[in-house]
Amino acid sequence: LFAGFVYAWSMLSAPIAAEFPQWSSARLSLTFTVCMTFFCLGGLAGGALLRRISSRFNIRVAAVLFLAGFLLTARMHSAAALYLGYGVLCGTAAGFAYNAVMSAVPRWFPKQQGLVSGILLMGFGLGGMFIGTFYTELTPTDIGAWRGSLQLMGILMAVVLAVCSFFIRTPETAAPAEKAVSFGAELSPWRMLRSPGFWCFFLWATLLSAAGLAVIGQARPIALSVGPSLTTGKVSLIVGMISICNGLGRILVGALYDRFGQKVTMSVVVALFLVGAGVIAAASAFRSPPLLIGGYVALGMGYGGGPTTGASLTRDFFGSKHYSVNF
């Protein structure tokens, strides 16, 4: 939940933009691009380190990086310092924590790895909404007041991750009830990359992620175009349905994967995307907010199902031995 705070960039960026009006929106939004890039790189680096060090050590590294990143961001006066603090350091920290938790915790629940992965991913996905809302309420509206709030968040983040690290560890041996690897062997990252099945899933996940982000990035303008007379509160509620259903979808799809496997699960995820896209198009055509809510619910559920399917499928198809890097 706390590691997912990096997704609250839209809440953090508004007071920063108010203090630096000379910065263009493109210049400011590049921060989140850098953050997501280093989130992916941090996950890969953290996964490689998990071969040699414990998951709890990775989480402690994330705690230190988050503290350094938020403190640097709170003191920055240039875009370069913002990119380094929030983009590089906080993005890398989120990747370290994300991979460490997803590699360790589901293995304690061999018969329900999809469901447990979904619950964990729901926490990460909702971090921006819940912790971001807390941050917004904490921050006064005065110019520059965000700096003190961000320093406090950095300290709080470091404490929470450091304390939680004592409770997270990987089982020393694979649980006997753990699923057999579908390909019949534990695949190293290089063998996985030579597998056609991997590239088919990689393409599937990339396309669904792109489709979901395309709508999520324009969710508010779409809502305003469908209902120009809607109040700000109602628009926020409608847009928030994507985040809520994104979280719920991760749990439901995880349970579905445990019960029916990847073929049924992936088909359901695609169906949710198609239904969501169709209903959103109908809402735009008929200027119907209720239809738009239905479309956002379906799309949010489908979007949330992608990461959960990936987390479960990676272990199911390619094994647990190299999971942290493969994932």
Side-chain angles (χ1 to χ4, degrees), residues 1-36 38-39 62-94 97 122-164 216-221 223-224 230-244 246-247:
L1 189 68
F2 272 82
F5 178 59
V6 290
Y7 278 110
W9 169 247
S10 61
M11 299 180 182
L12 275 70
S13 63
I16 296 176
E19 184 171 343
F20 298 95
Q22 70 274 22
W23 291 358
S24 66
S25 58
R27 189 179 186 185
L28 200 58
S29 65
L30 180 59
T31 310
F32 190 64
T33 303
V34 174
C35 182
M36 289 296 99
F38 278 87
F39 164 67
V64 173
L65 289 174
F66 268 128
L67 179 62
F70 282 125
L71 290 181
L72 176 59
T73 303
R75 290 168 168 78
M76 69 85 191
H77 290 278
S78 67
L82 178 62
Y83 299 155
L84 176 60
Y86 192 87
V88 176
L89 295 178
C90 292
T92 302
M122 179 190 71
F124 189 80
L126 293 180
M129 180 179 178
F130 287 111
I131 309 301
T133 301
F134 168 73
Y135 169 83
T136 302
E137 292 297 323
L138 182 72
T139 307
T141 56
D142 303 338
I143 296 295
W146 61 272
R147 295 180 182 274
S149 299
L150 203 59
Q151 288 185 58
L152 181 60
M153 282 302 303
I155 295 170
L156 181 61
M157 184 86 68
V159 170
V160 168
L161 265 69
V163 171
C164 288
I216 291 170
Q218 297 298 320
R220 194 175 189 86
L224 289 172
L230 290 173
T231 63
T232 302
K234 288 181 178 179
V235 170
S236 297
L237 180 63
I238 292 173
V239 173
M241 292 304 298
I242 297 180
S243 296
I244 294 170
N246 178 12

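Just so you know, these numbers come straight off a predicted model, no measurement behind them.
Residues forming a side chain to side chain contact (heavy atoms under 4.5 Å, CB included) with Leu237 (at least two apart in sequence, or on another chain): none. Residues meeting the side chain to side chain contact (heavy atoms under 4.5 Å, CB included) test with Ile242, sequence neighbours left out: Ile216, Ala219, Tyr296. When the side chain to side chain contact (heavy atoms under 4.5 Å, CB included) test is applied to Ala14, no partner is found at least two apart in sequence or on another chain.
From Leu84, atom CG reaches atom CZ of Phe38 across 9.0 Å, with rounding to the nearest 0.5 Å. Annotation: the span from Thr73 atom OG1 to Trp146 atom CH2 amounts to 7.0 Å, rounded to 0.5 Å. One finds the CD1 atom of Ile143 at 10.0 Å from the CZ atom of Phe20 (value rounded to the nearest 0.5 Å). Rounded to the nearest 0.5 angstrom, Leu30 CG and Cys35 SG are separated by 11.5 Å. Taken from CG in Leu67 to CE in Met153, the straight-line distance is 12.0 Å, to the nearest 0.5 Å. Within the model, atoms CH2 of Trp9 and CG of Leu28 stand 4.5 Å from one another, a figure rounded to the nearest 0.5 Å.
Listed here is the closest heavy atom pair of Ala81 and Met76: CB-CB, 3.5 Å. Considering all non-hydrogen atoms of both residues, Leu161 and Ala97 come closest at CD2-CB, 4.2 Å. When every heavy atom of Ala74 is checked against every heavy atom of Gln151, the shortest pair comes out as CB-CG, 3.4 Å. For Leu65 against Ala93, the heavy-atom pair with the smallest separation is CB-CB, 3.6 Å. Among all heavy-atom pairs drawn from Val6 and Cys90, the shortest one is CG1-O, 3.9 Å.
For the side-chain hydrogen bond (donor to acceptor under 3.5 Å, both in side chains) condition, the pairs that include at least one residue of residues 132-145, sequence neighbours left out, are Thr139-Ser149. The list of salt bridge (Lys or Arg N to Asp or Glu O under 4.0 Å) pairs with a residue in residues 78-90, not counting sequence neighbours, is empty. Legend: salt bridge (Lys or Arg N to Asp or Glu O under 4.0 Å) pairs involving residues 8-32, not counting sequence neighbours, sorted by first then second residue: Glu19-Arg147.
Not one N or O on the side chain of Tyr86 forms a donor-acceptor pair closer than 3.5 Å with the backbone of Leu72.
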> Does the side-chain contact (heavy atoms from CB on, under 4.5 Å) test come out yes or no for Ile16 and Trp23, once each step is laid out?
Replying inline: CA-CA 10 Å; Ile16 296 176; Trp23 291 358; 4.2 Å; yes
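In this pair, Phe5 and Phe70 present their aromatic rings tilted. The plane angle is within the 30 to 60° band.
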